[in-house]
Protein chains: 2
Amino acid sequence: MLRFAILELLERKPLSGYELKRRFQGSIVFFWRANHSQIYRELKLMEKDGLVVGSKVPHDWRPTKTVYAVTSKGREALVEWLREKPKLRGVKDEMMLKCFAFHLVPPEEAEAQLAHHQKLHQQRLEEYLKIKKQLEDRHGQLLETRDSILFWNALCLYQAMDHERMYVEWCRWAIARHKEFSAGNRPAARDGRENDSHGKLAG
Amino acid sequence: MLRFAILELLERKPLSGYELKRRFQGSIVFFWRANHSQIYRELKLMEKDGLVVGSKVPHDWRPTKTVYAVTSKGREALVEWLREKPKLRGVKDEMMLKCFAFHLVPPEEAEAQLAHHQKLHQQRLEEYLKIKKQLEDRHGQLLETRDSILFWNALCLYQAMDHERMYVEWCRWAIARHKEFSAGNRPAARDGRENDSHGKLAG
DNA sequence: AGATCATATGACAAGACTGACATATTCGAA
DNA sequence: TTCGAATATGTCAGTCTTGTCATATGATCT
């Protein structure tokens with residue numbers, strides 16, 4: 001899995017392990033991440049498998065780096081993988097796992113955790129918006145591009161933003177429901193429910 | 001991580017490894033999953049750590065099973081974990097990782113994959129709706145419950161549904177954008193964009 | 001009679017991932 | 001001049017996770 005993420009980036013431009021790590025930050029982080037120890041190890045394995053070749057690039061100052069480029073074998077492996085039907089993999093979400101047992105903690109704490117999580121996702125959303133803005137400044141309206149790399153990149157970015165937005169909204173909604181629950185209110189909130197997301201969507 | 005998922009379920013009711021696996025299917029699958037080999041191994045480790053105790057329960061027919069119950073130490077560990085602030089973990093999404101490099105495959109194939117993925121998420125959403133319906137048949141309107149276990153359960157279920165809905169919508173939207181892109185259209189679609197999710201939300 | 005399904009448990013290999021430790025250089029700031 | 005930050009690379013231990021193979025039993029279907 002990780003090796004395909006690496007191949008995708010190297011296919012655009014040969015990079016060293018360190019540069020690769022930085023590229024992850026700016027694009028693939030949306031849906032994949034890895035730390036440097038993982039990346040360096042994987043690069044060596046991939047070289048052994050003939051998917052990439054490394055070449056040493058000396059520097060005046062700074063340590064010599066090894067820049068990796070995709071081989072034709074690597075490119076084939078990447079395309080082959082891209083054409084496979086992806087299977088639907090399960091979500092793993094620590095916050096939700098906790099939420100599932102929040103009846104075991106004091107209600108204020110549960111609510112504080114929801115609020116905290118909302119903030120984290122909000123922040124992440126804002127980072128993504130910043131990245132979007134940068135791309136737009138450089139390339140204009142993303143969806144009007146003729147560049148297929150940029151086009152798919154944009155779709156991915158939108159997906160990542162949708163995800164964060166959904167999460168933020170859910171947190172907000174959950175906190176409101178929880179307040180009602182704690183107060184023991186039933187009917188007062190009912191009229192309002194038609195106007196929030198779950199009133200519309202959950203039917 | 002897995003051990004807390006297990007503790008959450010055992011805290012409600014002592015279960016054998018096999019039953020635990022089945023419980024995962026019905027509730028925690030929304031945001032965590034594990035196969036049986038993982039569960040059995042973890043249960044043994046947890047018993048060694050004193051978080052659970054197993055007791056053999058013989059059967060007339062069927063092999064004897066070992067039912068595990070949470071110890072007070074296990075319960076403490078669970079609550080302690082629940083009260084920690086959860087850190088925001090990165091998403092890992094194979095489909096999106098592929099999407100990022102879809103410029104390398106023929107456009108029809110990319111689109112077919114999006115459509116296929118949309119269907120998978122649609123199906124998952126329908127499963128969740130079925131589960132929701134079952135819960136409602138048994139307990140009435142979920143958000144009006146006085147049962148805190150059920151309440152949090154419902155919030156989690158709604159989150160899972162929101163997630164699937166978001167994904168389905170994004171796939172639909174992405175396919176439409178991609179058709180425009182392939183056709184080389186720019187302006188024709190512009191008026192319509194104000195009415196779809198990204199016209200509204202991405203600003 | 002034979003096949004298959006559901007219950008019930010486990011071993012094992014391989015891969016993925018985290019986090020801490022370790023090292024070396026150069027630049028710029030305090 | 002000392003400190004930290006950025007560049008650049010690696011090891012290692014331990015954990016988590018996946019997937020496959022293996023083994024039983026009894027029930028039910030054909």
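Letters go in sequence order (proteins before strands), and every chain restarts at 1. All values below come from the heavy atoms of this structure, side chains included, with hydrogens, waters and symmetry mates left out.
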Problem set entry | Nearest-angstrom distance from the residue atom NZ of A:K65 to P of D:dA6 | 17 Å

For this session: List in chain and number order the residues that pass side-chain hydrogen bond (donor to acceptor under 3.5 Å, both in side chains) with B:E8, two or more places apart in sequence or in another chain; answer none if no residue qualifies.
Result: none

Exercise. To the nearest Å, how far apart are A:L88 CG and D:dT18 P?
Worked result: 14 Å

Problem set entry | Side chain of A:Y18 (C-beta onward), nearest among C:dC17, D:dT9, C:dT9 | D:dT9

Problem set entry | By side-chain hydrogen bond (donor to acceptor under 3.5 Å, both in side chains) - contacts of B:T66 (at least two apart) | B:K56

Exercise. Can you check the A:M1 CE to D:dT18 C1' distance for me, whole Å?
Worked result: 13 Å

Exercise. A:K21 near the nucleic acid: base, sugar-phosphate alone, or nothing, with a heavy-atom cut-off under 4.0 Å?
Worked result: nothing

Exercise. Are a donor atom and an acceptor atom from the side chains of A:E127 and A:Q123 found within less than 3.5 Å of each other?
Worked result: no

For this session: Would you kindly give the CZ-to-P distance between A:R89 and D:dC16, to the nearest whole Å?
Result: 18 Å

Problem set entry | Parallel, tilted or perpendicular, as decided by the 30° and 60° cut-offs, for the rings of A:F181 and A:H178 | parallel

Exercise. Short question: side chain of B:E19, backbone of B:S16 - any donor-acceptor pair under 3.5 Å?
Worked result: yes

Exercise. If only atom types and distance count, is the side chain of A:E94 paired as donor or acceptor with the main-chain N or O of B:L88 below 3.5 Å?
Worked result: no

For this session: Round to the nearest Å and state the distance from B:I6 atom CD1 to D:dC16 atom C1'.
Result: 12 Å

Problem set entry | Length of the line joining B:F4:CZ and D:dT17:P, which is rounded to integer Å | 12 Å

Problem set entry | Angle of first-five versus last-five pair axes in the helix from C:dA1-D:dT30 to C:dA30-D:dT1, to 10 degrees | 30°

Problem set entry | A:K44 vs D:dT9: side-chain N/O to OP1/OP2 distance below 4.0 Å | no

Exercise. Taking CZ from A:R22 and C1' from D:dT9, how many angstroms apart are they, rounded to a whole number?
Worked result: 15 Å

Problem set entry | Sidechain-backbone polar pair: B:K73 side chain, B:D49 backbone, donor-acceptor under 3.5 Å | yes

Exercise. Quick one: does A:K65's side chain have a donor or acceptor within less than 3.5 Å of a partner on A:L15's backbone?
Worked result: no

For this session: Mind checking A:R3 for me? I need base, sugar-phosphate or nothing, with any heavy atom below 4.0 Å counting as a touch.
Result: nothing

Exercise. Between residues 28-43 of chain B and DNA chain C, which residues have a heavy-atom gap below 4.0 Å?
Worked result: B:H36, B:S37, B:Y40, B:R41

Exercise. A:N35 and A:S37: side-chain donor and acceptor closer than 3.5 Å?
Worked result: yes

Exercise. Does A:E47 reach the main-chain N or O of A:G54 with its side chain, forming a donor-acceptor pair under 3.5 Å?
Worked result: yes

For this session: Using whole Å, report how far NZ of B:K56 lies from C1' of D:dA24.
Result: 14 Å

For this session: Could you pick out which residue, B:K92 or B:S16, lies toward the 5' side of DNA chain C when each is mapped onto its nearest nucleotide?
Result: B:S16

For this session: Verify whether the ring centers belonging to A:W173 and B:Y158 lie closer than 6.0 Å.
Result: yes

Exercise. Taking DNA chain C as the partner, which of residues 94-102 of chain A come within under 4.0 angstrom of it by heavy atom?
Worked result: none

Problem set entry | For B:E164, side-chain hydrogen bond (donor to acceptor under 3.5 Å, both in side chains) partners two or more places apart | B:H121, B:R124

